[in-house]
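In what follows, a single structure is set out as structure tokens and then discussed.
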Amino acid sequence: MTSMATKLSDVERIKAQSRHLRGTLVESLKDPLTGAFAEDDTQLSKFHGIYQQDDRDVRNERKRQRLEPAYSFMIRVRVPGGVCTTDQWLSMDEIARTRANGTIRLTTRQAFQLHGVIKGKLKTAIQGINQALMDTLAACGDVNRNVMCSPMPPLSEVHREVQAHAESLSEHLTPATRAYHEIWLDGKKLQNPEPDVEPIYGDTYLPRKFKSAFVVPPQNDVDVYAQDLGFIAIVEQGVVRGFNVTVGGGMGMSNGETATYPRLADVMGFCTTEQVNAVAEAVVTIQRDFGDRTNRKHARLKYTIDDRGLDWLRSEVERRLGWQLEKPRPFAFVGNGDVYGWQRSTDGLWHYTLFVQNGRILDAGDRRLMTGLRKIATAHKGDFRLTPNQNLIISNVSDDDREQITELLREFGIENSQQASPLRLHSMACVAFPTCGLAMAESERYLPSLIDRIDERLEVHGLRDEAMTIRMTGCPNGCARPYIAEIGLVGKGPGQYNLYLGAGFAGDRLNKLYRENIDEEEILAALDPLFARYARERNNGEHFGDFAVRIGAVAEVRAGKEFHLDTING
Ligand code: SRM
Ligand code: SF4
């Protein structure tokens, strides 16, 4: 028998015994003796958008004092396409201050996260989120996660249409279990008398997490190639003709395990707008049936495709659909970041893309982001869009109201020009310490000061105004999509990072390891000579990532399987 016949992973047992994600979560919530959940429930709570964590800054000290870890929970709130109303913002702001650690985190998948919610406050926090007409179901777990969509401020009609597809797909792939309502909302909203079945997922859901996104060229802001399933809008004369379908993207890998690697998605074919949900359902159910349930490190769609081939996947999709996908249509991407500042859309309204460093909404010194956005949410008549790069768009502002919003941004010290260089505007860092249980090095708390120092080096070489993407994560899981940044920094241990170079500026080529396990001084020493050469030798309009490949600093990576092949270090 093949490796597929080996033992199922333990999470499979937990899912199978969970009665559609119920487990003993109700009992765990009531247990007064600990701030934690029972072990199996910590896996199931993820499907409800809830992660058990502990404060890693005090972990050792508490151990020394023989106290249990300082447990609290992270709550992830789904926001399909990142679109939320000002009322929803104000609710998140209130819940963050009264139930969590007083900050809001905008994620790399256009969702909200709250950190530091203690067990006793979990239920009222979830109920508050539900009252604001949002939910946390399927924000995590082995299911389809928050569906992303390009926020594309300038194109109002196209945005409305593509966003509607994102919402429809999100709805279509939401688990059907009533467990969420029973546990968190006391069954209040329960109107459906049907028995609890999961028509798409089945009793054991997917082998692993699954991610999908819609993108509208030319901006690849959602990083469509990092998604399990992507839909690239083909727009002609302002009309969405359909979508190129991409499959098999993913970032996560494990240190020292070359069988795990980041992989960019392949374009599989083209479908019309009416066919989107059917195509998605076919891909999801194929992954449900063929994904590896024995090894969670080999369980994403990217490995199913590399094991069986793209042609196999396409024909299995077509067999399930009963019709054939069309050939992909031409498209082009120019970058994977956000476009900042005021932009006017085709319907005459205005949108301000606001830089939010690493997605963290809080007041810090003169930059009073949390208070400022609360004031803006109160005054603003349009809505907000969370971007795929951890930023926020103040959306649908009329001519008459634009000045007032600008004034408020200025008053609270949060205008883009008040805070950021081009490098910083193209930066992202994952959460890492102190909440992430998997972090090996700092990320969100460290990248800002490292950028100060890299900016100094860029200044010396006359490159201060160059846009380059830089992304940091505290471990190789890749939550800030670091393997498609021109400068990728991935935590290996306290103060130590792997430096990756050579990704495409549009998120269309993976980077490659350039230096391993280096500290801040070594990072600067590695980058400095490359910046010097880039300033002198670059071609007109050449991006830093392309340059690094052209001069042979790193080899070009053409497929995920090549990611670990020997590096030509310069
Ligand atoms: Fe992630 C696990 C944070 C986007 C790949 N991710 C985690 C956990 C939940 C740690 C854990 O399992 O205990 C982190 C919680 C930290 C904390 O304290 O908040 C975490 N991931 C995040 C967020 C908040 C990073 C951010 O700074 O914004 C992002 C939340 C997105 C959302 O709203 O749903 C986030 N994670 C991503 C992305 C980017 C994306 O989806 O576009 C990736 C890479 C794409 C991919 O999935 O391949 C990503 N996260 C992972 C992985 C590796 C998965 C793999 O296939 O190997 C893990 C670990 C795991 O699943 O075992 C992980
Ligand atoms: Fe945590 Fe690693 Fe994700 Fe950063 S990349 S949030 S350290 S799992």
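Indexing begins at 1, ligand by ligand and atom by atom, following the structure's order. One is the number of the first residue; the rest follow in order along the sequence.
- In terms of protein heavy-atom proximity, atom 3 (C) of ligand 1 is closest to R76 NH2, 3.6 Å.
- Counting only heavy atoms of the protein, atom 16 (C) of ligand 1 lies nearest to C436 CB, 3.6 Å.
- No part of M148 comes within 4.0 Å of ligand 1, judged by heavy-atom distances.
- The protein heavy-atom contact nearest to atom 3 (Fe) of ligand 2 is C479 SG, 2.3 Å.
- Only the backbone of A429 comes within contact range of ligand 1, with a heavy atom under 4.0 Å; no side-chain atom does.
- Protein heavy atom nearest atom 48 (O) of ligand 1, with residue, atom name and distance: M251 N, 2.7 Å.
- Residue-level proximity to ligand 1 for K297 is absent, since no heavy atom of it falls below 4.0 angstrom.
- Residues Q53 and Y71 have side chains that never bring a donor and an acceptor to within less than 3.5 angstrom of each other.
- Counting heavy atoms closer than 4.0 Å to ligand 1, residue R296 contributes nothing at all.
- In this structure, atom 18 (O) of ligand 1 lies nearest to the protein heavy atom T435 OG1, 2.6 Å.
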Q: Begin with the C-alpha distance, continue with both residues' side-chain angles, and end with the deciding distance and a verdict on side-chain hydrogen bond (donor to acceptor under 3.5 Å, both in side chains) for Q131 and Q127.
A: CA-CA 6 Å; Q131 275 155 18; Q127 288 174 348; 5.8 Å; no
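- Summary of contacts: the protein heavy atom closest to atom 24 (C) of ligand 1 is Q113 OE1, 3.0 Å.
- Looking at A138, C479, P476, it is C479 that brings a heavy atom closest to atom 6 (N) of ligand 1.
- Among the atoms of G250, none of the N or O lies under 3.5 angstrom from an N or O of ligand 1.
- Of all the heavy atoms of Q110, none lies under 4.0 Å from any atom of ligand 1, so neither backbone nor side chain is involved.
- In terms of protein heavy-atom proximity, atom 29 (C) of ligand 1 is closest to T108 OG1, 3.4 Å.
- In this structure, A432 counts as a contact residue of ligand 2, since one of its heavy atoms falls inside 4.0 Å of the ligand.
- With a 4.0 Å cut-off on non-hydrogen atoms, M74 touches ligand 1 through its side chain and not its backbone.
- In summary, no N, O or S atom of C436 is located under 2.8 Å from atom 3 (Fe) of ligand 2.
- Inspection of the S45 and Q52 side chains reveals no N or O donor paired with an N or O acceptor under 3.5 Å.
- Remark: R13 engages D40 in a salt bridge, criterion side-chain N to carboxylate O under 4.0 Å.
- Looking from atom 26 (C) of ligand 1 to the surrounding protein, the closest heavy atom is R105 NH1, 3.5 Å.
- Relative orientation of the H48 and Y180 rings is parallel, given thresholds of 30° and 60° on the angle between their planes.
- Checking N391 against T353 by side-chain atom types alone, no donor-acceptor pair falls below 3.5 Å.
- Between the side chains of D292 and T294, at least one donor-acceptor pair of N or O atoms lies under 3.5 Å.
- Not a single heavy atom of A480 lies less than 4.0 angstrom from ligand 1.
- Looking at M428 against ligand 1, nothing comes within 4.0 Å, counting heavy atoms.
- For atom 33 (O) of ligand 1, the choice among T107, V77, D228 with the nearest heavy atom turns out to be T107.
- Among R360, M472, K211, K302, the residue whose heavy atom lies nearest to atom 43 (C) of ligand 1 is K211.
- Under 4.0 angstrom from ligand 1, the non-hydrogen atoms of L438 all belong to its side chain.
- The nearest heavy-atom contact from the protein to atom 31 (C) of ligand 1 is R109 CG, 3.4 Å.
- One N or O on the side chain of E198 and one on the backbone of T177 form a donor-acceptor pair closer than 3.5 Å.
- Looking at ligand 1, you'll find an N or O of R208 within less than 3.5 Å of one of its N or O atoms.
- Taking all heavy atoms of R300, K209, R481 into account, the minimum distance to atom 46 (C) of ligand 1 is reached by R300.
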